[in-house]
Amino acid sequence: MTVHVSPATPPGAPGPPGRLRTAWAAAHAPVPGVRRWARIAAYAVPLSVLPSSLWRVAVLFDEGTAEKTGNLPVWLPLPVYVVLLSVFSELVAFTAVGLIAAWGEEVPGWVPLLRGRRVPTAAAAVPAALGAVLLTVLWTAAFVADAAGVTLRGDPAPRDFPTAAGGWEAAVFYACYVPLLLWGPLLAAVTVAYVRRRSRARSAGSR
């Protein structure tokens, strides 16, 4: 009788990767054929959105901000809105990684009904391209309006707006929000790389 003995893990050696680490690696792993610059650009999209998300959450701890409700409905508290907005922004930004990863070309197994199906190029590229244009226009217009001292609607900027305070408060605000100017262009570049890669793969498969 043959006895199979599992090799013992040496002391201090890392154990098997957990599910979270495995899922994280699978979600970020580029598929073959992805250019290095496209991989860097895709990873940079969520990172460009992260500072502003953290800034919004941090502002909640300010006493003056905690008492404000803005134009929000009564049933939606400001802290809940800010957290949901920040999480939503990061999730939307993370979809850029799908343009270099396997889940951007084949529906993941955890999606019911559609699991394993090939993602049409247009189904990913068209929304990404429209999003890139919208984000580029939106954030460019927002910073132009800020420089002019008005809101996007053309109204005078509020007196308590972070940039009006000057000093370190304005510096921190700009440091967190200026990276958003990169969101649209980076997404556009990754989208172009995605379309080209899928087109090359389709051409190679038809030969």
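Since this is a predicted model, take the numbers as computed values, not measurements.
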Ring centroid separation Trp103 to Phe94 under 6.0 Å: yes
Do Leu182 and Ile100 share a hydrophobic cluster, counting only Ile, Leu, Val, Met, Phe, Trp and Tyr and linking them when any side-chain heavy atoms are less than 4.5 Å apart? yes
Which value, rounded to the nearest 0.5 Å, describes the distance between Leu85 atom CG and Ser53 atom OG? 7.0 Å
If we ignore hydrogens and angles and just use 3.5 Å, is the side chain of Arg39 paired with the main-chain N or O of Val97 as donor and acceptor? no
Distance check, rounded to the nearest 0.5 Å: Leu76 atom CG versus Leu84 atom CG? 7.0 Å
Tell me whether Thr95 contacts the main-chain N or O of Val92 through its side chain, where contact means a donor paired with an acceptor under 3.5 Å. yes
Same hydrophobic cluster for Val178 and Val59, using side-chain heavy-atom links shorter than 4.5 Å among ILVMFWY? yes
CH2 on Trp139 to OG on Ser52, rounded to 0.5 Å: 6.5 Å
Are Leu50 and Glu90 side-chain neighbours, meaning at least one heavy-atom pair lies under 4.5 Å? yes
Answer yes or no: is there a side-chain heavy-atom contact under 4.5 Å between Asp146 and Thr151? no
Side-chain heavy-atom pair Val133, Thr136 within 4.5 angstrom cut-off: no
No-hydrogen, no-angle side-chain donor-acceptor test under 3.5 Å, Arg198 and Tyr194: yes
Output yes when Glu105 and Arg117 qualify as a salt bridge under the 4.0 Å nitrogen-oxygen rule, no when they do not. no
Find out if a path of hydrophobic residues (ILVMFWY) with successive side-chain heavy-atom gaps under 4.5 Å connects Trp24 to Val45. no
What's the spacing between Leu113 CG and Arg115 CZ if we round to 0.5 Å? 8.0 Å
So OG1 of Thr121 and CG of Leu99: to nearest 0.5 Å the spacing works out to 11.0 Å
